[in-house]
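Before any comments, here is the structure.
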Number of protein chains: 2
Amino acid sequence: MEEPERLQKQKELVECIGRLHEKDGFQPVTARIMGLLMVMDKEEYTFDEIVQEMKISKSSASTALKNLEIRGVIEYVTYPGDRKRYFRFVSGDINEMIDGIEKKMKLQLDVIEQALELKKNPDSRNAKFLENVKEGIHFFIKNMRKLKAEYSKEH
Amino acid sequence: MEEPERLQKQKELVECIGRLHEKDGFQPVTARIMGLLMVMDKEEYTFDEIVQEMKISKSSASTALKNLEIRGVIEYVTYPGDRKRYFRFVSGDINEMIDGIEKKMKLQLDVIEQALELKKNPDSRNAKFLENVKEGIHFFIKNMRKLKAEYSKEH
DNA sequence: AGGTTGGTTCTCTATGTTGCGAACTAAAAA
DNA sequence: TTTTTAGTTCGCAACATAGAGAACCAACCT
């Protein structure tokens, strides 16, 4: 693939990643910066390079970068004798990804358990449904932990 | 637990479920209706009952119920000689839940594969990270399918 | 035919969100 | 000491969104 074409496609992918992560509650600009640091060949950007690349104001960049750092999506490094921060993507480790899923499932589970406890009739349609889902979630959480351990061992 | 206390707690849980599902892209009112149909002892509500219970306008109720139906969260039944619709929760089946997770993972995977293909240097920091995550996702998708099959057999 | 019931659709307003500009700060350089 | 660099913070304007209201419609009732 020709250089300019690849660059173009990378930028399209950044946009695409941006849209994807907006659905996870990131703001548009923030989500696109994530993409930038993930797909471009240049893998460390300074504050000003991000401002220029994304054509955003310094304030937007500042807010976005702070958010991404707090959320653990990016980090920055510095080099001796250089006051600039070099921002880079923090690898989305697979275990964290699974932990994230587990956390969400537990949240769901908690809600389901509360709902069940508050049901007057434990044989009602919904109560039975909820009981089923509860069991299922338990099963999957238990086995996902196993999978995680198994995968860690393999690598 | 006393009746009014349970009712109170159920309503709090509805609110809590509402907040939870807002993060999944449901609108506030819509998310709370989900909760209502999930936790209350009364498990079938008519349109007007929902309007009264949630203190919302007919238009909001109409829009919310339509969305929930399209998304497969609720359904309605009718009874002969009664023009009203009786809305109720559709059980969040565990397999669907897993499918949902798989779908999200595949979306991520697709993005990662695109990003990898567009990398100039496949040994760069990010490229290696992405490669790792890619492998991990493959592993988990494969095994989640097994788990799903296993669970289906058991039940 | 006219009214009632059970909703739907359209438009508008109030409320939130996003990202900008400008003013600010802290550290380094001149 | 003053200037420059590298950002941060605050207030605001532009834009997006949710939900209300009112008009509407289709089926049934009288």
Side-chain angles (χ1 to χ4, degrees), chain A residues 11 14-37 42 44-71 73-88, chain B residues 11 14-37 42 44-71 73-88:
Chain A
K11 292 197 175 178
V14 168
E15 171 61 21
C16 171
I17 290 173
R19 285 189 314 255
L20 202 73
H21 286 272
E22 271 186 75
K23 286 170 196 151
D24 280 14
F26 289 93
Q27 303 164 252
V29 165
T30 309
R32 277 150 190 84
I33 293 177
M34 277 176 74
L36 187 80
L37 296 183
K42 179 175 177 60
E44 285 186 357
Y45 282 79
T46 66
F47 187 92
D48 273 317
E49 283 167 348
I50 288 169
V51 164
Q52 283 165 43
E53 192 65 42
M54 308 304 287
K55 287 165 189 147
I56 57 177
S57 65
K58 285 205 296 170
S59 63
S60 303
S62 178
T63 315
L65 291 170
K66 195 182 8 176
N67 279 335
L68 286 172
E69 221 204 313
I70 288 169
R71 293 233 216 170
V73 177
I74 64 165
E75 63 191 1
Y76 66 84
V77 284
T78 55
Y79 296 100
D82 185 348
R83 209 145 60 88
K84 290 191 199 71
R85 295 172 190 174
Y86 290 81
F87 294 93
R88 65 185 192 191
Chain B
K11 292 197 175 176
V14 168
E15 170 62 20
C16 172
I17 290 172
R19 286 188 315 254
L20 202 73
H21 286 272
E22 270 185 76
K23 286 170 196 153
D24 279 14
F26 288 94
Q27 305 164 256
V29 165
T30 309
R32 278 149 190 84
I33 293 177
M34 279 176 73
L36 188 79
L37 297 183
K42 179 175 178 60
E44 285 186 356
Y45 282 79
T46 67
F47 187 92
D48 274 317
E49 283 167 347
I50 288 169
V51 164
Q52 283 165 42
E53 192 65 42
M54 308 304 286
K55 286 165 190 149
I56 55 176
S57 66
K58 286 206 294 173
S59 65
S60 302
S62 179
T63 315
L65 291 170
K66 194 181 10 176
N67 278 335
L68 286 172
E69 221 204 312
I70 288 168
R71 293 233 216 171
V73 178
I74 64 165
E75 63 190 2
Y76 66 84
V77 284
T78 54
Y79 297 100
D82 185 349
R83 210 144 60 88
K84 290 188 199 75
R85 293 173 191 174
Y86 291 81
F87 294 93
R88 66 186 193 190

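In the text below, chain A, chain B and the rest are named by the order of the sequence lines, each starting its count at 1.
Looking at A/Ile70, A/Leu68, A/Thr63 one by one, the single match for side chain to side chain contact (heavy atoms under 4.5 Å, CB included) with A/Lys66 turns out to be A/Ile70. For the side chain to side chain contact (heavy atoms under 4.5 Å, CB included) criterion with A/Lys84, the lone passing option out of A/Asp48, A/Thr46, A/Thr78 is A/Thr46. Checked options A/Phe87, A/Phe47, A/Tyr45; the residue passing with A/Tyr76 is A/Phe87 (criterion: ring-ring contact (aromatic ring centres under 6.0 Å, His included)).
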Give me the distances for all protein-to-nucleotides 4-6 of chain C N/O pairs that come in under 3.5 Å?
residue	atom	partner	partner atom	Å
C/dT5	O2	B/Arg83	NH2	2.3
C/dG6	OP1	B/Lys84	NZ	3.1

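Between B/Ala61 and A/Ala61, the residue whose closest nucleotide on DNA chain C is further toward the 5' end is B/Ala61.
Applying the side-chain hydrogen bond (donor to acceptor under 3.5 Å, both in side chains) test to A/Ser62 and every residue at least two apart in sequence or in another chain returns nothing. Residues passing the salt bridge (charged side-chain N to carboxylate O under 4.0 Å, His left out) test with A/Arg88 are A/Glu44, A/Glu75, sequence neighbours excluded. Not a single side-chain hydrogen bond (donor to acceptor under 3.5 Å, both in side chains) links B/Gln52 to another residue, sequence neighbours left out. By the salt bridge (charged side-chain N to carboxylate O under 4.0 Å, His left out) test, A/Lys42 is found to be paired with A/Glu49, residues two or more places apart in sequence or in another chain being considered. The side-chain hydrogen bond (donor to acceptor under 3.5 Å, both in side chains) check on B/Tyr86 picks up B/Asp82, with sequence neighbours excluded. Among residues two or more places apart in sequence or in another chain, the salt bridge (charged side-chain N to carboxylate O under 4.0 Å, His left out) test is passed with B/Glu22 by B/Arg32. For A/Arg19, the salt bridge (charged side-chain N to carboxylate O under 4.0 Å, His left out) partners at least two apart in sequence or on another chain are A/Glu15. Every residue two or more places apart in sequence or in another chain that forms a side chain to side chain contact (heavy atoms under 4.5 Å, CB included) with A/Ser60 is listed here: A/Ile56, A/Ser57.
Annotation: proximity of residues 25-33 of chain A to DNA chain C (heavy atom, distance under 4.0 Å) is found for A/Gln27, A/Pro28, A/Val29, numbered in ascending order.
The base of C/dG19 does not come close enough to the side chain of A/Ser59 for any donor and acceptor atom to sit less than 3.5 Å apart.
Think of the region where chain A sits on DNA chain D: with heavy atoms and a 4.0 Å cut, that region ends 5' and 3' at D/dT5 to D/dT9.
Here the closest heavy-atom approach between residue A/Ala64 and residue A/Val29 is recorded as CB-CG1, 4.4 Å. Looking at every heavy atom in both residues, B/Ala61 comes nearest to B/Val51 through CB-CG2, 3.7 Å.
Two end axes, each from the C1' atoms of five base pairs, can be drawn for the helix from C/dA1-D/dT30 to C/dA30-D/dT1; they diverge by 10°, to 10 degrees.
Between the P atom of C/dG7 and the CD1 atom of B/Ile56 lies a distance of 13 Å, rounded to the nearest Å.
The shortest distance between the side-chain N/O atoms of A/Ser60 and the OP1/OP2 oxygens of C/dG19 is not below 4.0 Å.
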